[in-house]
Engineer: 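Here's a structure for you.
Numbered from 1 within each chain, the chains take letters A, B, ... in sequence-line order.
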Amino acid sequence: MAQRLYDTRSRSKRTLETLVDGEVGIYVCGITPYSPSHIGHARQAIAFDIIVRWLRKSGLKVNHITNFTDIDDKIISIANEENIDFLDVANRNIDDYFEVMDLLNVIPADAYPRVTETIPGIIDMIKNLIDKGHAYSSSDGVYFEIDTAPEKYGQLTGQTLEMVREGAGGRVSETGSGKKNHRDFALWKIAKPGEPYWPSPWGNGRPGWHIECSVMSLQHLGEKFDIHGGGSDLIFPHHEAEIFQSECCLKHDPVVQYWMHNGMINVDGEKMSKSLGNFWTIRDAISKIEPLELRYSLINAPYRQPVEFNDTILQDSSSHYHKLLSAYGEGLSKSGKSDWNDLDFLQTAELNFSNGMDDDFNTRVAIVEIQSVVKYLREKLDSGSDKEISSAVSWLSEFAGNVLGILPEDEEILANIERIEGERMRLQDQVIDLLSQRKIARQNKDWGRADLIRNQLNEIGVIVEDSPKGPVWKLK
RNA sequence: GCAUGGGUGGCAGAGUAGCUAUGCAGCGGACUGCAAAUCCGCGGACCUGGGUGCAAAUCCCGGCCUGUGCUCCA
């Protein structure tokens with residue numbers, strides 16, 4: 001089955017046909033590092049991480065670029081408040097980003113270009129746009145003139161320039177800037193006193209918000225490239241602006257073949273935002289749950305849908321995540337791994353999984369298959385062969401582990417099991433002694449004493465479960 | 001107002017024409033002194049009004065509700 005993906009521009013699912021056979025270039029708008037990363041960043045990074053993993057698994061050579069917009073008004077304002085250099089603000093948040101993304105098992109992009117390292121290219125593109133008559137210089141900066149390319153308006157949002165003009169009313173005069181038209185947007189902003197700046201033909205200043213992505217995608221992926229991704233809140237104005245800049249500069253239409261946008265995170269039905277106070281940083285979240293549980297919960301809905309984030313959701317994903325992990329760990333330590341291709345059940349599961357992922361990366365469908373294989377594995381752990389167990393483990397390792405990225409490394413899982421085993425050995429004599437005392441109490445129907453002993457065991461970290469075959473104990 | 005998504009069981013959330021979604025929660029059962037774990041089973045949904053079809057949650061039209069964007073935002 002061919003890969004299909006939803007393209008924002010055409011508002012439909014399209015079959016992926018790459019510009020170069022067997023290769024795909026993907027540029028994903030990254031963060032503006034003015035604060036520690038929040039779970040919206042995590043959702044985006046994880047969504048595109050899985051998209052990239054799947055494209056690679058499908059045999060494509062993927063070149064994945066994600067940028068940092070490491071200079072902007074908020075960064076400057078925070079730097080001023082703290083009386084430090086703006087780059088210190090950006091760098092500490094970028095460091096934070098890399099740390100949490102690593103915890104979330106996000107495979108790094110192939111390159112992370114930054115605005116502050118792209119200034120010459122940005123100046124070149126602005127010059128080019130001025131030369132071609134699409135931009136003009138004014139008292140406070142350089143602006144892109146939208147009226148020079150009205151046909152490019154609204155390609156992603158569906159709005160036409162006329163609609164916006166009508167809605168704009170008399171606001172043009174209220175802009176108070178050197179813009180000719182209020183819809184024009186800044187390519188270069190002249191620095192105010194105290195602001196960081198780079199020299200340019202138009203005066204000392206810094207890039208406008210949108211131009212950097214046009215330049216960095218050009219530098220890393222070329223004049224035309226396959227996929228451009230980002231959060232759905234970037235569709236307007238950021239990605240619309242990129243279309244103006246790139247297409248007017250490069251004279252290709254389209255520059256971007258497919259636009260992909262991930263949905264936002266909702267908390268109690270509303271978009272997560274600082275102003276509403278329903279804001280979670282990634283570190284907030286992973287102080288309460290494990291990073292991979294968070295990852296799991298963020299792919300519970302397909303990437304384009306808004307995803308709910310609340311305690312119930314977390315409990316739900318936490319529950320299944322631990323079922324997955326314990327079945328996998330048990331199977332791995334018991335039987336290892338082996339090829340699954342000769343087992344019909346697992347072949348069917350693979351087919352369903354792949355069909356789901358090929359259909360616009362539907363991780364929800366993929367998770368249903370994971371759940372069904374976990375169920376299968378648990379059944380086989382009870383009454384199956386080594387071959388069936390190792391095959392199921394192998395299957396999960398590939399699809400839950402390598403593709404969805406929701407399993408820790410095998411070494412880590414085995415080390416953890418070993419650690420628990422060690423702990424069991426240490427407690428063994430004590431536990432056996434207490435359990436035999438409890439057995440006697442139970443035989444005498446002295447439930448009070450039996451429960452007392454169970455509580456004692458609980459205090460040393462041991463949970464007793466009375467199975468039909470006798471008591472089973474495990475560590476908390 | 002304009003644009004663009006969405007309205008599925010207690011919750012989350014697939015599914016775009018005919019076949020049990022799935023998970024969590026709930027209920028019943030096995031097991032059990034109780035608890036826990038595991039397993040088995042059960043119930044319960046397709047916003048509303050029309051239309052097309054042998055057949056619609058699924059397609060078409062209207063209505064209502066709702067998210068998001070139209071300013072910085074993943």
Engineer: Between Lys13(A) and Ala450(A), who's closer to the 5' end of RNA chain B by nearest nucleotide?
Structural biologist: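 It is Lys13(A) whose nearest nucleotide is closer to the 5' end.
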
Engineer: Assign His238(A) to base, sugar-phosphate, or nothing according to its heavy-atom contacts below 4.0 angstrom with the strands shown.
Structural biologist: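 No contact at all - His238(A) keeps every heavy atom at 4.0 Å or more from the nucleic acid.
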
Engineer: Rounding to an integer number of angstrom, what distance separates G5(B) and A21(B) when you compare their P atoms?
Structural biologist: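 Per the computed distance, 28 Å lies between those P atoms.
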
Engineer: Who is the Watson-Crick or G-U wobble partner of A3(B), with both distances under 3.5 Å?
Structural biologist: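 U68(B) - that is the nucleotide pairing with A3(B), both distances being under 3.5 Å.
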
Engineer: For a quick check of understanding: with a heavy-atom distance under 4.0 Å over all strands, which category does Leu234(A) fall into, base, sugar-phosphate or nothing?
Structural biologist: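 Leu234(A): backbone/sugar contact only, no base atoms under 4.0 Å.
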
Engineer: For the side chain of Asp70(A) and the backbone of Arg114(A), is there at least one donor-acceptor N/O pair under 3.5 Å apart?
Structural biologist: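 Flag not set: sc Asp70(A) to bb Arg114(A) has no pair under 3.5 Å.
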
Engineer: Suppose we define a pair by two distances each less than 3.5 Å, Watson-Crick or G-U wobble; what does C34(B) pair with here?
Structural biologist: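 Here C34(B) is not engaged in any pair, so there is no nucleotide opposite it.
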
Engineer: Salt bridge check, Lys13(A) against Asp7(A): does any charged N sit closer than 4.0 Å to a carboxylate O?
Structural biologist: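 The answer is no: the pair does not qualify as a salt bridge.
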
Engineer: Of the candidate nucleotides A74(B), G67(B), A14(B), which contains the atom at the shortest distance from the side chain of Pro302(A)?
Structural biologist: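 For Pro302(A), the side-chain atoms sit closest to A14(B).
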
Engineer: Where do N or O atoms of nucleotides 34-37 of chain B meet protein N or O atoms at under 3.5 Å, pair by pair?
Structural biologist:
residue: C34(B); atom: O2; partner: Arg454(A); partner atom: NH2; Å: 2.7
residue: C34(B); atom: N3; partner: Arg454(A); partner atom: NH1; Å: 2.9
residue: C34(B); atom: N3; partner: Arg454(A); partner atom: NH2; Å: 3.3
residue: C34(B); atom: N4; partner: Asp466(A); partner atom: OD2; Å: 2.7
residue: A35(B); atom: N6; partner: Asp466(A); partner atom: O; Å: 3.4
residue: A35(B); atom: N1; partner: Asp466(A); partner atom: N; Å: 3.2
residue: A35(B); atom: N3; partner: Arg454(A); partner atom: NH1; Å: 3.3
residue: A36(B); atom: N1; partner: Asp466(A); partner atom: O; Å: 3.4
residue: A37(B); atom: O4'; partner: Glu465(A); partner atom: OE2; Å: 3.4

Engineer: Classify the nucleic acid contact of Gly30(A) as base, sugar-phosphate or nothing, counting any heavy atom under 4.0 Å across all strands shown.
Structural biologist: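 Sugar-phosphate, no base atom in range.
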
Engineer: Give me syn or anti for G53(B), where syn covers glycosidic angles within 90 degrees of 0.
Structural biologist: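 The base of G53(B) is oriented syn (glycosidic angle within 90° of 0).
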
Engineer: Using the P atom on both, measure G6(B) against C60(B) and round to a whole Å.
Structural biologist: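 To the nearest whole Å, 12 Å.
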
Engineer: For Glu379(A), report the nucleic acid contact type (base, sugar-phosphate, nothing); a contact means any heavy atom under 4.0 Å.
Structural biologist: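 Touches nothing.
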
Engineer: Whether Asp49(A) and Arg295(A) form a salt bridge (side-chain N of Lys/Arg under 4.0 Å from carboxylate O of Asp/Glu) is what I want to check.
Structural biologist: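 Yes.
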
Engineer: For the backbone of Gly405(A) and the side chain of Asn105(A), can you confirm whether one donor and one acceptor N or O come within less than 3.5 Å of each other?
Structural biologist: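 Here the side-chain-to-backbone pair exists.
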
Engineer: So what does Lys271(A) hit on the nucleic acid, given a heavy-atom distance under 4.0 Å: a base, only sugar-phosphate, or nothing?
Structural biologist: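 Touches a base.
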
Engineer: Considering only side-chain heavy atoms of Gln305(A), which listed nucleotide, A14(B), A74(B), U4(B), is closest?
Structural biologist: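 For the Gln305(A) side chain, the nearest candidate turns out to be A14(B).
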
Engineer: Using the P atom as the point on both nucleotides, what is the distance between G49(B) and C65(B), in whole Å?
Structural biologist: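 Their P atoms lie roughly 16 Å apart.
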
Engineer: Kindly confirm whether the side-chain ring of Phe236(A) is stacked on the base of G69(B), judged by centres under 5.5 Å and planes under 30°.
Structural biologist: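 The base of G69(B) is not stacked with Phe236(A) (the test needs centres under 5.5 Å and planes under 30°).
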
Engineer: Could you give the distance separating A74(B) and C42(B) at their C1' atoms, to the nearest angstrom?
Structural biologist: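 That atom pair is separated by 43 Å.
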
Engineer: For His210(A) and U71(B), what is the distance between atoms NE2 and C1' respectively, to the nearest whole Å?
Structural biologist: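 Computing the His210(A):NE2 to U71(B):C1' distance gives 11 Å.
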
Engineer: Can you build the contact string for nucleotides 19-29 of chain B? Use B for base contact, S for sugar-phosphate-only contact, and - for no protein heavy atom under 4.0 Å.
Structural biologist: --BBBS-----

Engineer: U68(B) phosphate, OP1 or OP2: any side-chain N/O from Arg304(A) under 4.0 angstrom?
Structural biologist: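 Checking Arg304(A) against U68(B): no side-chain N or O falls below 4.0 Å of OP1 or OP2.
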
Engineer: If I take atom CG in residue Leu298(A) and atom P in nucleotide G13(B), what distance separates them, rounded to the nearest angstrom?
Structural biologist: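 The distance from CG of Leu298(A) to P of G13(B) comes to 12 Å, rounded to the nearest Å.
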
Engineer: Considering only the C1' atoms, how many Å lie between C47(B) and U66(B), rounded to the nearest integer?
Structural biologist: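 Between the two C1' atoms, the distance is 11 Å.
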
Engineer: Check the distance between A74(B)'s C1' and His228(A)'s NE2 and give it to me in whole angstrom.
Structural biologist: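 Answer to the nearest Å: 12 Å.
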
Engineer: More than 12 foreign heavy atoms under 6.0 Å from CZ of Phe345(A): is that the case here?
Structural biologist: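 Correct, the count exceeds 12.
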
Engineer: Let me see the working for Asp72(A) and Thr32(A) under side chain to side chain donor-acceptor pair (under 3.5 Å), right down to the final yes or no.
Structural biologist: CA-CA 8 Å; Asp72(A) 102 310; Thr32(A) 300; 5.0 Å; no

Engineer: Within the distance-only criterion (no hydrogens, no angle test), does the side chain of Asp446(A) pair as donor or acceptor with the backbone N or O of Arg442(A) below 3.5 angstrom?
Structural biologist: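 No: the side chain of Asp446(A) does not pair with the backbone of Arg442(A).
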
Engineer: Less than 6.0 angstrom separating the ring centers of His38(A) and Trp280(A), yes or no?
Structural biologist: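 Ring-ring flag for His38(A)/Trp280(A): false, centres at least 6.0 Å apart.
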
Engineer: Are the aromatic ring centres of Tyr112(A) and Phe98(A) under 6.0 angstrom apart?
Structural biologist: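 Centroid distance Tyr112(A)-Phe98(A): below 6.0 Å, so yes.
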
Engineer: With a 4.0 Å cut-off on heavy atoms, is Gly231(A) in touch with a base, just the backbone sugar-phosphate, or nothing at all?
Structural biologist: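 Here Gly231(A) touches the backbone only, sparing every base.
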
Engineer: Do the ring centers of His41(A) and Tyr97(A) come within less than 6.0 Å of each other?
Structural biologist: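 No; Tyr97(A) has its ring centre 6.0 Å or more from that of His41(A).
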
Engineer: Contact class for Asn262(A) vs. all strands (heavy atom < 4.0 Å): base, sugar-phosphate, or nothing?
Structural biologist: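 The residue Asn262(A) makes base contact.
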
Engineer: Round to the nearest Å and state the distance from Glu308(A) atom CD to G6(B) atom P.
Structural biologist: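 In whole Å, G6(B) P and Glu308(A) CD are 17 Å from each other.
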
Engineer: For RNA chain B, find the residues of residues 62-69 of chain A with a heavy-atom distance under 4.0 Å and give them by number; none if there aren't any.
Structural biologist: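 Those residues whose heavy atoms fall under 4.0 Å from RNA chain B, taken from residues 62-69 of chain A, amount to none.
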
Engineer: Looking only at atom C1', what distance separates G43(B) and U48(B), rounded to whole Å?
Structural biologist: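 Going atom to atom, C1' in each nucleotide, I get 26 Å.
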
Engineer: Would you mind pulling out the nucleotide paired to G41(B), Watson-Crick or G-U wobble, both distances under 3.5 Å?
Structural biologist: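 G41(B) is paired with C27(B).
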
Engineer: Distance between the P atoms of U8(B) and C27(B), in whole angstroms?
Structural biologist: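 Rounded to whole Å, the distance is 25 Å.
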
Engineer: Starting at atom CG of Asn266(A), determine the distance to atom P of C11(B), rounded to an integer number of angstrom.
Structural biologist: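 Rounding to the nearest Å, CG of Asn266(A) and P of C11(B) are 16 Å apart.
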
Engineer: Using Watson-Crick or G-U wobble geometry with both distances under 3.5 Å, which nucleotide pairs with A14(B)?
Structural biologist: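 No nucleotide pairs with A14(B).
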
Engineer: Between C59(B) and C40(B), how many Å separate the two P atoms, rounded to a whole number?
Structural biologist: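 That atom pair is separated by 35 Å.
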
Engineer: Quick one: does Glu465(A)'s side chain have a donor or acceptor within less than 3.5 Å of a partner on Pro471(A)'s backbone?
Structural biologist: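 Checked: no pair found.
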
Engineer: Looking at His220(A) versus Tyr27(A), is the centre-to-centre ring distance below 6.0 Å?
Structural biologist: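 Centroid distance His220(A)-Tyr27(A): not below 6.0 Å, so no.
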
Engineer: Starting from P on U71(B), measure out to CG on Asp184(A) and report it in whole angstrom.
Structural biologist: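 These atoms are roughly 14 Å apart.
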
Engineer: Would you call Arg454(A)-Asp451(A) a salt bridge at under 4.0 Å N-O?
Structural biologist: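 Salt bridge present between Arg454(A) and Asp451(A).
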
Engineer: Measure from CZ on Arg206(A) to P on C72(B) and round the result to the nearest Å.
Structural biologist: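 The answer, rounded to whole Å, is 13 Å.
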
Engineer: Applying a 4.0 Å non-hydrogen cut-off, can you work out what Ile265(A) is touching in the nucleic acid: base, sugar-phosphate, or nothing?
Structural biologist: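 The residue Ile265(A) makes base contact.
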
Engineer: For Asp73(A) and Tyr34(A), which I'm curious about, is there any donor-acceptor pair between the side chains at under 3.5 Å?
Structural biologist: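 Checked: Asp73(A)/Tyr34(A) side chains show no N/O donor-acceptor pair below 3.5 Å.
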
Engineer: With a 4.0 Å cut-off on heavy atoms, is Pro237(A) in touch with a base, just the backbone sugar-phosphate, or nothing at all?
Structural biologist: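 Nothing, no heavy atom under 4.0 Å.
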
Engineer: Is any side-chain nitrogen or oxygen of Asn444(A) closer than 4.0 Å to OP1 or OP2 of G33(B)?
Structural biologist: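 Looking at the OP1 and OP2 atoms of G33(B), neither is under 4.0 Å from any side-chain N or O of Asn444(A).
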
Engineer: With both distances under 3.5 Å as the test, what is the Watson-Crick or G-U wobble partner of G62(B)?
Structural biologist: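 Paired with G62(B), as far as the under-3.5 Å criterion goes, is U48(B).
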
Engineer: List the steps, then state whether side chain to side chain donor-acceptor pair (under 3.5 Å) holds for Ser138(A) with Asp140(A).
Structural biologist: CA-CA 6 Å; Ser138(A) 79; Asp140(A) 59 350; 3.2 Å; yes

Engineer: Measure NE2/His261(A) against C1'/A3(B) and give the value in whole Å, please.
Structural biologist: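 His261(A) atom NE2 is separated from A3(B) atom C1' by 15 Å.
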
